[in-house]
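By convention in this document, chain letters (A, B, ...) are assigned in the order of the sequence lines, proteins followed by strands, and residues within each chain are numbered from 1. Everything numeric in this text was worked out from a predicted model, so none of it was measured.
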Amino acid sequence: MAKSYWLMKSEPDVYSIDHLKKDKTTWWEGVRNYQARNFMMNGMKPGDEVLFYHSNAEPPGVAGLAEITKEAAPDTAQFDPKSEYYDEKSTKANPRWMCVQVGFKAKFKDIVSLNDLREEKALAEMLVLKKGQRLSVQPVTKAEFEKIKKMGGL
DNA sequence: GCCAACGTTGGC
DNA sequence: GCCAACGTTGGC
């Protein structure tokens with residue numbers, strides 16, 4: 001199957017590209033949105049490439065590259081009553097939330113900011129640029145991925 | 001900190 | 001199944 005390309009948002013105060021660089025891999029826990037979950041569950045596969053996006057950041061933008069290292073498995077945080085991601089309606093027999101494992105690939109020397117993305121005509125169709133688009137896991141095209149990779153100096 | 005846009009919940 | 005109320009996201 002052909003490789004797919006994605007954009008995944010994270011607030012750098014919570015988990016930044018530097019955290020991922022240090023950890024090497026991480027389970028993408030805490031997604032509590034069905035559309036985003038479905039992309040992880042049904043769309044992503046190991047080897048897929050990811051734009052790591054910093055939201056609620058100064059400036060917001062793509063901070064680097066990652067890849068999917070393991071396909072979706074139950075998000076363990078949903079079973080932990082002490083976690084802020086706890087979901088009392090989820091059971092181990094029938095878990096509601098799944099997440100993939102993500103691995104570090106590269107950090108851009110300079111962040112490719114949201115403004116930079118807006119100025120590129122070739123990226124005009126990207127979901128992340130659409131007003132009110134809050135989805136934290138989004139598909140991107142190969143062309144968009146390659147373009148942003150180049151803008152990031154890689 | 002504000003607030004527009006959006007997703008989810010729950011009463012009916 | 002509708003939709004008002006509420007909570008969250010995320011840029012500014």
Please enumerate all protein N or O atoms sitting under 3.5 Å from an N or O of nucleotides 1-5 of chain C, with distances to 0.1 Å.
none

**Report entry** A/W97/A/Y34 aromatic ring centres below 6.0 Å
**Finding:**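 Yes, the ring of A/W97 comes within the 6.0 Å limit of the ring of A/Y34, centre to centre.
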**Report entry** Atom pair CD/CD of A/Q138 and A/Q35 - distance to nearest 0.5 Å
**Finding:**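 Answer for the CD-CD pair, A/Q138 versus A/Q35, is 9.5 Å.
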With side chains defined as the heavy atoms from C-beta onward, is the minimum distance between [X] and [Y] less than 4.5 Å?
X: A/V50; Y: A/F145; answer: no
X: A/V102; Y: A/I68; answer: yes
X: A/M40; Y: A/V31; answer: yes

Report task. Applying ring pair (Phe, Tyr, Trp, His ring centres under 6.0 Å), run through A/F52 and A/W28 and close with a yes or a no. Result -> CA-CA 12 Å; A/F52 194 110; A/W28 204 259; 5.6 Å; yes
Query raised in the report: With a 3.5 Å cut-off and no angle check, do the side chains of A/D116 and A/S113 form a donor-acceptor pair?
Result: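 Yes.
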Query raised in the report: When you match A/K131 and A/Y34 each to their closest nucleotide on DNA chain B, which lands nearer the 5' end?
Result: A/K131
Query raised in the report: Given that A/G132 and A/K89 both sit by DNA chain B, which one's nearest nucleotide is further toward the 5' end?
Result: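 On the 5' side of the pair lies A/G132.
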Query raised in the report: Taking all non-hydrogen atoms of both residues, which atom of A/M126 and which atom of A/L7 are closest, and how far apart?
Result: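 Heavy atoms only, the tightest pair is CE-CD1, 4.1 Å.
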Close N/O contacts between protein and nucleotides 9-12 of chain C (under 3.5 Å):
unit_1	atom_1	unit_2	atom_2	d
C/dT9	O3'	A/R134	O	3.4
C/dG10	OP1	A/K9	NZ	2.8
C/dG10	OP1	A/R134	O	2.5
C/dG11	OP1	A/Y53	OH	2.7
C/dG11	OP2	A/N56	N	3.1
C/dC12	OP1	A/R118	NH1	3.3

Query raised in the report: Rounded to the nearest Å, what distance is computed from the NZ atom of residue A/K130 to the P atom of nucleotide B/dG7?
Result: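 The answer, rounded to whole Å, is 15 Å.
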Query raised in the report: Separation of A/D87 atom CG from C/dG7 atom P, in whole Å?
Result: 17 Å
